[in-house]
2 protein chains.
Amino acid sequence: MAARTPRPVRPPEDLCRAPGLRERKKQQTRDALVQAAHGLFLSQGFARTTVDEIASAVDVSQRTFFRYFANKDEVALAVLADAEDYFIECLRNRPAEELPLQALRASIVKSWRDLGNAQPSGPGSINSALELLRMIEDSPPLIAAHLRRVTEQERLVVQVLAEREGVDPVQDLRPTVLAAVFGSLLRSAHLSWTAEQEPAGPEGMVALIERHFDHLGPALAGHWHDPAQDGAQDQA
Amino acid sequence: MAARTPRPVRPPEDLCRAPGLRERKKQQTRDALVQAAHGLFLSQGFARTTVDEIASAVDVSQRTFFRYFANKDEVALAVLADAEDYFIECLRNRPAEELPLQALRASIVKSWRDLGNAQPSGPGSINSALELLRMIEDSPPLIAAHLRRVTEQERLVVQVLAEREGVDPVQDLRPTVLAAVFGSLLRSAHLSWTAEQEPAGPEGMVALIERHFDHLGPALAGHWHDPAQDGAQDQA
DNA sequence: CAGATTATGTCAGCCCCTGACATTCGGCAA
DNA sequence: TTGCCGAATGTCAGGGGCTGACATAATCTG
């Protein structure tokens, strides 16, 4: 571990299909740290959990913790990071005929669904990620760190969109603008989700995302006074 | 100063038009802190400037610094916060007939222009804010803090939009969605601006913002392959 | 098995930030 | 003016995040 471990992005299975003991142990402690941190955060809150606690819960020195994660934020966001990677993969696999906006929408829905079906509960599952999401919104520093991660993810989305449609993202602003809109739409949906009383699970999140997408057009067009305008009314 | 000073939002001139010595001194040290911090940040960078340096540059204890600002980030973002307040004011003053999206666009353009004309240079001027913006994008923790501020500002925008159009922001997602889209559009423009070599001043920023707005429709609609589609091509 | 890599532990230390308490300063009325 | 009250500041102690440096122990390679 010369520099910081940059999060194991599913090591390519080429070259050596036996990862070796060293590599396995690293992955192991990393997972253990995420697990322990996750548990502590959820039980006592993010701010009231110290890095020392996390480290000693895994029988590891504090210094070692910081060799795996750049800071306390990172270990909290680690679970979400995996989900985001999967979303990008989904986006890459969308058929080229699909309109860009639709490809984004389909990818995000599919990734939530797939992750939800993969392992509905237990550690590292979707529900863990959802609990995390709620916790993040309760902690200002985590909100900040999360937003930063999200915007970096958006850069990736810009790349993928540009490749997909064969345009140059430097000259053509459309990929950038669309990625930005998409990102903010997702965040709105997340906020709505965390604002709900009942957790509602992955399907609830999907429903919220869809609703937000459906309101994109109406929000951009015309005035809103007229209640019978766009079917945007879903009063209780 | 019982709790933290919550940033003097232009004290209402009612009740006593002479703010009193105490109040004046407070404002004074606050400004001095922002000034000193600003200078130090720009000359040595954000991370390499300690709070002690800032405090002693104003002949004030470190503890006092933290009674004015919740953290080091806040003093760096203080200048921008003023600009954002002015934007909100502009938005409130837009005529009700204007379409929501247009009101947002007009407000942001007007606020940049007005602030640019107010005091083109010197401390606390627009150019200071622009320098700050560039610095922020160079510093990951500042990016995070800035994004958090921006999203809180968005909540305000949601409120104003909802009032304007007479809708309930809880039931009707349109204000939320539009505010989110607007926020991400602005951030894209800021990023483009900081990516440029030549600073280009407030007018350059306005131009970029307008360009981003103009690409909103084309980005959301249809495919992009066809180069003659929406006039979205401005190749060099 | 020996040497090269690499992960980990230990330690010292800087810096951010906070609570508690004492002190000083501005505002205000007798 | 004087004296009091509340508010702003200073000082001190301390916790917690994070890093560099160095030694040690574990893995890998031949």
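The chains referred to below are lettered A, B, ... by the order of the sequence lines, with proteins before strands, and numbering in each begins at 1. Because the structure is predicted, anything quoted here is derived from the model rather than measured.
- Between B/Lys110 and B/Glu89 there is no salt bridge, since no side-chain nitrogen of the basic residue lies less than 4.0 Å from a carboxylate oxygen of the acidic one.
- To the nearest angstrom, C1' of C/dC14 lies 14 Å from CD of A/Gln62.
- The NZ atom of A/Lys72 sits 17 Å away from the C1' atom of D/dT19 (whole-angstrom rounding).
- The pair A/Arg149-A/Glu74 fails the salt-bridge criterion, with no side-chain N (NZ, NE, NH1 or NH2) lying under 4.0 Å from an Asp/Glu carboxylate O.
- In this entry the distance linking CG of A/Leu142 with P of D/dG17 reads 12 Å, nearest Å.
- For the pair A/Thr29 and B/Asn71, nearest-nucleotide mapping onto DNA chain C gives the more 5' position to A/Thr29.
- The aromatic rings of A/Phe182 and A/Phe213 sit tilted relative to each other, their planes meeting at an angle between 30° and 60°.
- If you check D/dT11, D/dG17, C/dG9 against the side chain of A/Arg67, the one that comes closest is C/dG9.
- Remark: P of D/dT9 and CZ of B/Arg63 are 12 Å apart, rounded to the nearest angstrom.
- B/Lys26 and B/Glu23 are joined by a salt bridge, as a carboxylate oxygen and a charged side-chain nitrogen come within less than 4.0 angstrom of each other.
- A salt bridge links B/Glu137 and B/Arg187; the closest N-O separation between the charged side-chain nitrogens and carboxylate oxygens is under 4.0 Å.
- Here C/dC15 presents its P atom at 8 Å from CD of B/Glu53, a figure rounded to the nearest Å.
- Donor-acceptor pairing under 3.5 Å, judged by distance alone, is absent between the side chain of B/Arg24 and the base of C/dG26.
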Protein-to-nucleotide contact annotation, 5' to 3' order, nucleotides 25-30 of chain D [B base; S sugar-phosphate only; - none; under 4.0 Å, heavy atom]: -BBS--
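- Within the 4.0 Å cut-off from OP1 or OP2 of C/dG9, at least one side-chain nitrogen or oxygen of A/Thr64 is found.
- Side-chain N or O atoms of B/His38 include none that pairs as donor or acceptor with a backbone N or O of B/Val34 at under 3.5 Å.
- Rounded to whole angstrom, the span from the CZ atom of B/Phe69 across to the P atom of D/dT9 amounts to 12 Å.
- One interatomic measurement links the two molecules: CD of B/Gln27 to P of D/dT9, which rounds to 12 Å at whole-angstrom precision.
- The base of D/dG16 is not paired with the side chain of A/Arg48 by any donor and acceptor separated by under 3.5 Å.
- Taking side-chain N and O atoms only, A/Ser61 has a distance below 4.0 Å to OP1 or OP2 of C/dG9.
- Using modelled atom types, one finds a donor on one side chain and an acceptor on the other under 3.5 Å when comparing A/Gln27 with A/Asp31.
- Per the geometry, CZ belonging to A/Phe66 stands 15 Å off C1' belonging to C/dT10, to the nearest Å.
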